[in-house]
Amino acid sequence: MTISLKSTYDDQGYVLVPALISPSLLPTLRAACDRVIAKTRAGTWHHRRTVGKQFPPFDDANPDSWGVQHVMHPELGEPVFATWYTSEGVRSAAAALLGCETKDLQMELFNLLINPLNHNFALRWHRDDVREDASQEEERVALASWSHGVCPILARHPFADRLLQVQWNTALYKDACLYLVPKSHKVPRTAEQRAHSTTLKPPQDPLAMPGAIRLTLQRKSLFLSREPCLTPSLAAGETVFYNSNILHCATYDTSQRRATLHATMGDIRGGSTRARNVLQHGLQWMKEPQFRETLDEVGQRMLDALVQMQISVKGDVGYSLSG
């Protein structure tokens, strides 16, 4: 991981990182994804993201799915997911972007984004832990707290120049689902951007959002799309890391096969700052011995950090967003 990638991530709010999946591992991960997707669509795995429901808590109102939750769960019987998530390559990339040591990494979420079978679906423009109706000042404070773990007035706090979390998509097939607004992780929305992101409905045209670009992950070389949309492309198995409070949305097309690894990792020095955004997904199963036994020493250390955060939070953490 080069300094320039870290600088790009800090400045733009996202960065493209190559080769987090080796060519030899790609078929193994694809096969594991095929099996968990089949279980989800057959109704034997109930932890899923339901078409018609954009954010947690998810329900069973629609049999169609756009995501599989908790792919490291021991009941799925696919250890390759935890092996990859805790691998040196993934940990090194996350630590470099967070500006921390790998020993400070905290296990968080690992899910799978898939194509629905019967209904095209989309997510509205949003930030993962800032409500759509937040005022400009509320948004400014929330963005500062998310990045630094403290209120912005505490300029001398040790978290003042430190990120607390990184989120990423690693596409196993061509993926053109993600739209985002570069640099929007730093500043409140403009009036025009607010007009496109205060509704609970997804946009008809994501590129109508001022400053929006579309990211395409695929097995081709880098190319640029027609203006005004700049489209960086990656080989399958490569990754876009992005700040989850950047303005972003997504579209899910039934006709385009999708299996995209969607995960987050945190810095333990952030304490419980991210508890709501992480624990709202229901991670009690990660405390069970059956899961711990599937992890190596590195994975167990990362898990311990997550469990400590769970213990530190009292009561119901609630949910970050509506819809």
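All of these numbers come straight from a predicted model, not from anything done at the bench.
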Val71 vs Glu78, side-chain contact (heavy atoms from CB on, under 4.5 Å): CA-CA, chis, key distance, verdict
CA-CA 8 Å; Val71 295; Glu78 301 291 353; over 6 Å; no
In short, Ala176 meets Thr251 closest at the heavy-atom pair O-OG1, 4.4 Å
Side-chain donor/acceptor of Ser92 to backbone N/O of Gly89, under 3.5 Å = no
Only one of Ile246, Leu247, Leu143 passes side-chain contact (heavy atoms from CB on, under 4.5 Å) with His185, and that residue is Ile246
Could Arg140 and Glu137 be called an ion pair, given the rule that one side-chain N must be under 4.0 Å from one carboxylate O? yes
Which of Trp168, Tyr9, Tyr14 passes ring pair (Phe, Tyr, Trp, His ring centres under 6.0 Å) with Phe241? Answer is Trp168
Margin query: Would you say Trp125 ends up clustered with Leu207 if hydrophobic residues are merged whenever their side chains have heavy atoms under 4.5 Å apart, either directly or through other cluster members?
Written below: yes
Taken to the nearest 0.5 Å, the spacing of Thr190 OG1 from Met209 CE works out to 8.0 Å
side-chain hydrogen bond (donor to acceptor under 3.5 Å, both in side chains) test vs Thr264 passes for just one of Glu108, Gln165, Gln167, namely Glu108
Open item on the list: Count I, L, V, M, F, W, Y as connected when their side-chain heavy atoms are under 4.5 Å apart, and connections chain through other members. Are Tyr179 and Val187 then in the same cluster?
Closed with: no
Quiz item: Going by atom types only, do His262 and Asn169 share a side-chain donor-acceptor pair under 3.5 Å?
Solution: yes
When every non-hydrogen atom of Arg194 is compared with those of Ala134, the smallest separation belongs to NH2-O, 2.8 Å
Is any side-chain heavy atom of Thr199 closer than 4.5 Å to one of Arg124? no
**Q.** Test log, rule side-chain contact (heavy atoms from CB on, under 4.5 Å), inputs Val90 and Thr239
**A.** CA-CA 10 Å; Val90 172; Thr239 301; over 6 Å; no
Value for OG (Ser255) from CG (Leu117), rounded to nearest 0.5 Å, stands at 12.0 Å
Arg49 side chain to Ile114 main-chain N or O, any donor-acceptor pair under 3.5 Å?
no
Let's go through Trp285 and Met72 carefully: what are the C-alpha distance in whole Å and the side-chain angles of both, what is the deciding distance for side-chain contact (heavy atoms from CB on, under 4.5 Å) to 0.1 Å, and is it a yes or a no?
CA-CA 10 Å; Trp285 61 271; Met72 294 190 291; 4.3 Å; yes
What one should report as the nearest heavy-atom pair of Pro182 and Gln12 is CB-OE1, 3.3 Å
Those residues at least two apart in sequence (or on a different chain) that pass salt bridge (charged side-chain N to carboxylate O under 4.0 Å, His left out) with Lys186 are Asp11
Quiz item: Does a donor on one side chain and an acceptor on the other come within less than 3.5 Å for Asn120 and Thr254?
Solution: yes
Under 3.5 Å: donor-acceptor pair, side chain of Glu138, backbone of Arg131 = no
Q) When you measure from the side chain of Asp128 to the backbone N and O of Asn245, does any donor-acceptor pair fall under 3.5 Å? A) no
Review point. Under 30°, 30 to 60°, or over 60°: which ring-plane class applies to His126 and His248, parallel, tilted or perpendicular?
Key: tilted
Q) Is there side-chain contact between Cys177 and Thr260, with heavy atoms separated by less than 4.5 Å? A) no
Rounded to the nearest 0.5 Å, the OG1 atom of Thr40 sits from the CG atom of Leu112 at a distance of 8.0 Å
Tightest non-hydrogen contact, residues Leu98 and Val166, listed as CD2-N, 3.9 Å
Rounded to the nearest 0.5 angstrom, the OG1-CD distance for Thr102 and Glu88 is 8.0 Å
All heavy atoms of Cys100 vs all of Leu105, minimum pair found to be SG-CD2, 3.9 Å
Does a salt bridge link Lys6 with Asp10, judged by any charged N lying under 4.0 Å from a carboxylate O?
yes
side-chain hydrogen bond (donor to acceptor under 3.5 Å, both in side chains) with Asp175: of Arg257, Gln256, Arg258, only one passes, and it is Arg258
Exercise for review: Answer whether the closest heavy-atom distance between the side chains of Gln54 and Phe121 falls below 4.5 Å.
Suggested key: yes
Which of Gln300, Arg301, Met302, Met309 passes side-chain contact (heavy atoms from CB on, under 4.5 Å) with Met107? Answer is Met302
Discussion item. The test is side-chain contact (heavy atoms from CB on, under 4.5 Å); show your working for Ile21 and Leu261 and say whether it passes.
Written reply: CA-CA 11 Å; Ile21 294 179; Leu261 308 177; 4.1 Å; yes
What one should report as the nearest heavy-atom pair of Pro116 and Val51 is CB-CG2, 3.8 Å
Q) Is there a donor-acceptor contact under 3.5 Å from the side chain of Thr50 to the main chain of Phe58? A) no
- request: May I ask you to decide if Ser4's main-chain N or O and Ser7's side chain share a donor-acceptor pair within less than 3.5 Å?
  value: no
- Item | Test: Arg48 and Asp60 ion pair at under 4.0 Å | yes
**Asked** Is there a side-chain contact between Leu180 and Ile213, using heavy atoms and a 4.5 Å cut-off?
**Response** yes
d(Glu139 CD, Arg127 CZ) to nearest 0.5 Å is 4.0 Å
Hey, quick one: are Leu26 and Tyr173 part of the same hydrophobic cluster, counting side-chain heavy atoms closer than 4.5 Å, chains of contacts allowed?
-> yes
Under 4.5 Å between any side-chain heavy atoms of Trp84 and Thr28, yes or no?
no
Across all chains, not counting sequence neighbours, the side chain to side chain contact (heavy atoms under 4.5 Å, CB included) partners of Leu76 are Val36, Lys39, Trp45
| Any side-chain donor paired with an acceptor under 3.5 Å for Ser184 and Gln193? | no
d(Asn118 CG, Asn62 CG) to nearest 0.5 Å is 8.0 Å
